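Structure first, commentary second.
Just so you know, residue 1 is the first one in the sequence shown, and it goes up from there. As the structure is a computational prediction, the values presented were derived from the model and not from experiment.
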Amino acid sequence: MNNLNHSISIFTGNIPPSKELFLKLENAFLVANKDEIIEIISQKSNIEIELRGWARLRGHEYLGRTSLKEQFSYKIKKLSKNSFTDKAAWNKKMKGIDSSNPKMKDLELSDTILEKAPEDNGLLTRGIVTQEGTPFYDFELSHKELVWSEPVSVLYEEGKNLQWNATTDIPWNEIPNLDPVLERAVCQIMTYLVENEFSALYIPGKFISKINPYYMEIPLFLSSLMNDEARHIEVFTKRANANGGGFQYSSEITQRSLYSLFKEDDYIKSSFLLHVMGEGTFVDLLGFLEKYMPDDATKKIIRLAKRDEMRHVAYGIEHVKSAIQQNPSRINALKNTAFKRKEFMDEVSSESSMLLESLAILAGGGDNPIAYKRGFDLVEELKEKMNQNRIKRLIDIGMDEDLANEVSQVHTPNFM
């Protein structure tokens, strides 16, 4: 028996045949491969009967006892099939991670990420070994090309490092009392922003539970994105109420536009509509608002929200670009999605008039005819800037210039 090879040794000391001992045996045999030999090193000379009985009960082969110096070696051969699908890694560092570096960026857990998640992958990520009999979750989004965005780990770290607090990071006591006309315009704009941020909060929430956690970085990033949107809703709500104005009006065109985003159930199409088209245009709107808001505190609110939104757009662009590179036929599908949304929006052929008037009052500095006309012209310039930047993003994801122009032109008049 002394020349038998074994791969696992268990040191049990003076532990008698008991729950404690058999728990160790159960776990050792769970992770052992078929035909591996487990050696139990014990100071007990009289546990052979119990070990033999346990092995027979579990379907293994008891091989006997060997006397060692002040100890005894008992060996059992595992005969049953493996309980786990693989051996767990041990003492391996995360890819690219320097544990001594507090600014470590890379979250990727292995050098190779499979194009399709393993069939038996449950609520766990890469590197966790599953036991046979694990429930089959059947995640809808289990292919890398459907969800992946190459800079997602960097964006996730950036999001953590750039967190801000809507209560403590805004100098609320510095918001001045504005002319009532201007304040009403700001409140109407804040109302519109809150509506759109709810859309950007709820839509990723639809998809997180559909994404296979094998691609862990994506649900983690989306959860941080949702935290961003929740903070935006909070800060825009507080600004609407800061001077007592409160929320104003929600237009049918805005709600219809947001509904057309919400009802999209294809993740790539949703990412295209929300992040590339919608939030990309939203960033231009926030830049416009930051420029023309009359006070520094509200400018800071907009600036911080815009910084977050730019991160969301970066994910969407790389996600959709990657999906198109994997399957160029998706370009036509995305075009059709944009036109289908336009058909839905054409049933209400208008713009959000209250929003546009408020933007014109804000940019012009008032509602007297000269200021209003100046502001209205600036809003028209904003629309053209939005269109040109949409075209650039569409070209970036893989569309040719003509198609990018065509698709940009049909984007919702709600901006988002």
Side-chain angles (χ1 to χ4, degrees), residues 170-172 174-197 232 235-254 257 277-307 309-310 313 345 348-393 405 408-416:
I170 305 300
W172 294 105
E174 296 178 15
I175 296 177
N177 291 317
L178 303 177
D179 176 86
V181 171
L182 191 55
E183 182 64 32
R184 188 179 299 113
V186 171
C187 290
Q188 180 61 60
I189 291 167
M190 294 297 152
T191 303
Y192 166 84
L193 295 179
V194 166
E195 294 178 89
N196 284 270
E197 297 289 22
H232 299 173
V235 78
F236 295 146
T237 298
K238 287 179 175 178
R239 178 57 189 89
N241 291 309
N243 284 337
F247 285 138
Q248 299 300 295
Y249 301 98
S250 171
S251 69
E252 180 184 0
I253 187 72
T254 296
S257 176
M277 299 287 278
E279 287 184 312
T281 302
F282 200 67
V283 166
D284 289 332
L285 174 63
L286 292 175
F288 180 87
L289 296 177
E290 182 186 0
K291 181 176 182 180
Y292 292 109
M293 280 296 172
D295 64 281
D296 290 339
T298 307
K299 284 179 182 290
K300 184 175 184 180
I301 290 171
I302 300 298
R303 182 171 63 254
L304 291 174
K306 183 179 70 171
R307 187 176 69 186
E309 295 294 348
M310 290 173 68
V313 175
M345 295 303 300
V348 183
S349 182
S350 66
E351 297 177 293
S352 177
S353 58
M354 289 186 172
L355 173 66
L356 294 181
E357 181 183 15
S358 296
L359 291 174
I361 291 172
L362 176 71
D367 68 341
N368 67 73
I370 295 175
Y372 178 70
K373 175 63 169 63
R374 180 174 63 248
F376 187 85
D377 291 342
L378 290 170
V379 173
E380 291 300 303
E381 291 178 11
L382 169 64
K383 291 182 189 178
E384 181 53 32
K385 179 181 179 180
M386 289 173 167
N387 178 55
Q388 292 302 318
N389 286 339
R390 272 196 306 272
I391 292 170
K392 291 177 183 178
R393 290 193 301 276
N405 272 279
S408 180
Q409 290 293 334
V410 303
H411 185 58
T412 171
N414 182 54
F415 302 155
M416 185 71 156

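Looking at residues two or more places apart in sequence or on another chain, you find a side chain to side chain donor-acceptor pair (under 3.5 Å) between Thr412 and Ser257. By the side chain to side chain donor-acceptor pair (under 3.5 Å) test, Asp179 pairs with no residue at all, sequence neighbours left out. Arg239 pairs by the salt bridge (Lys or Arg N to Asp or Glu O under 4.0 Å) definition with Glu183, not counting sequence neighbours. Taking the salt bridge (Lys or Arg N to Asp or Glu O under 4.0 Å) definition, one finds that Glu380 meets it with Lys383, sequence neighbours left out. With sequence neighbours excluded, no residue forms a side chain to side chain donor-acceptor pair (under 3.5 Å) with His411.
The two residues Ala240 and Cys187 come nearest to each other via the heavy atoms O-SG, 3.3 Å. When all heavy atoms are compared, the tightest approach of Ala371 to Gly366 is CB-O, 3.8 Å. Gly364 approaches Arg374 most closely through the heavy-atom pair O-NH2, 2.7 Å. Heavy atoms only, all atoms of each residue included: Lys300 and Pro171 are closest at CD-CD, 4.2 Å. For the residue pair Ala185 and Ile361, the shortest heavy atom distance occurs at CB-CG2, 4.0 Å. Heavy-atom minimum distance, Leu193 versus Phe236: CB-CD1, 3.6 Å.
In terms of modelled atom types and a separation under 3.5 Å, the side chain of Ser408 and the main chain of Asn387 share a donor-acceptor contact. Not one N or O on the side chain of Glu279 forms a donor-acceptor pair closer than 3.5 Å with the backbone of Met277. Asp367 contributes no side-chain N or O that, together with a main-chain N or O of Tyr372, makes up a donor-acceptor pair within less than 3.5 Å.
With a 4.5 Å cut-off on side-chain heavy atoms, Leu304 and Ile170 count as touching. Contact check for Gln188 versus Thr191: side-chain heavy atoms found under the 4.5 Å cut-off. Within the 4.5 Å cutoff, side-chain heavy atoms of Thr281 are placed close to those of Arg390. By the 4.5 Å heavy-atom criterion applied to side chains, Ser251 and Leu355 are not counted as neighbours. Side-chain contact between Tyr192 and Asn414 is present, with heavy atoms from C-beta onward closer than 4.5 Å. In this structure, Met386 and Leu382 have side chains that are in contact, with non-hydrogen atoms separated by less than 4.5 Å.
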Identify every side-chain donor-acceptor pair in residues 283-295 under 3.5 Å, counting partners at least two apart or on other chains, and give the distances.
unit_1: Asp284; atom_1: OD1; unit_2: Asn389; atom_2: ND2; d: 3.0
unit_1: Asp284; atom_1: OD2; unit_2: Asn389; atom_2: ND2; d: 3.2
unit_1: Glu290; atom_1: OE1; unit_2: Lys306; atom_2: NZ; d: 2.9
unit_1: Asp295; atom_1: OD1; unit_2: Thr298; atom_2: OG1; d: 2.9
unit_1: Asp295; atom_1: OD2; unit_2: Ala297; atom_2: N; d: 3.3
unit_1: Asp295; atom_1: OD2; unit_2: Thr298; atom_2: N; d: 2.8
unit_1: Asp295; atom_1: OD2; unit_2: Thr298; atom_2: OG1; d: 2.9

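Here CE of Met354 is found 13.5 Å from CG of Leu359. Values are rounded to the nearest 0.5 Å. Rounding to the nearest 0.5 Å places NZ of Lys392 at 7.5 Å from CD of Gln388.
For the side chain to side chain contact (heavy atoms under 4.5 Å, CB included) with Ser358, the lone residue among Leu182, Ile189, Val186, Val379 that qualifies is Ile189.
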Show, in sequence, the C-alpha distance, side-chain angles and deciding distance for Met345 and Ile253, and conclude whether the side-chain contact (heavy atoms from CB on, under 4.5 Å) test is met.
CA-CA 8 Å; Met345 295 303 300; Ile253 187 72; 3.3 Å; yes

Between Val194 and Glu197, does a side-chain contact (heavy atoms from CB on, under 4.5 Å) hold up when you go through it step by step?
CA-CA 5 Å; Val194 166; Glu197 297 289 22; 5.7 Å; no

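Side chains of Glu195 and Thr254: a donor-acceptor N/O pair is absent below 3.5 angstrom, by distance only.
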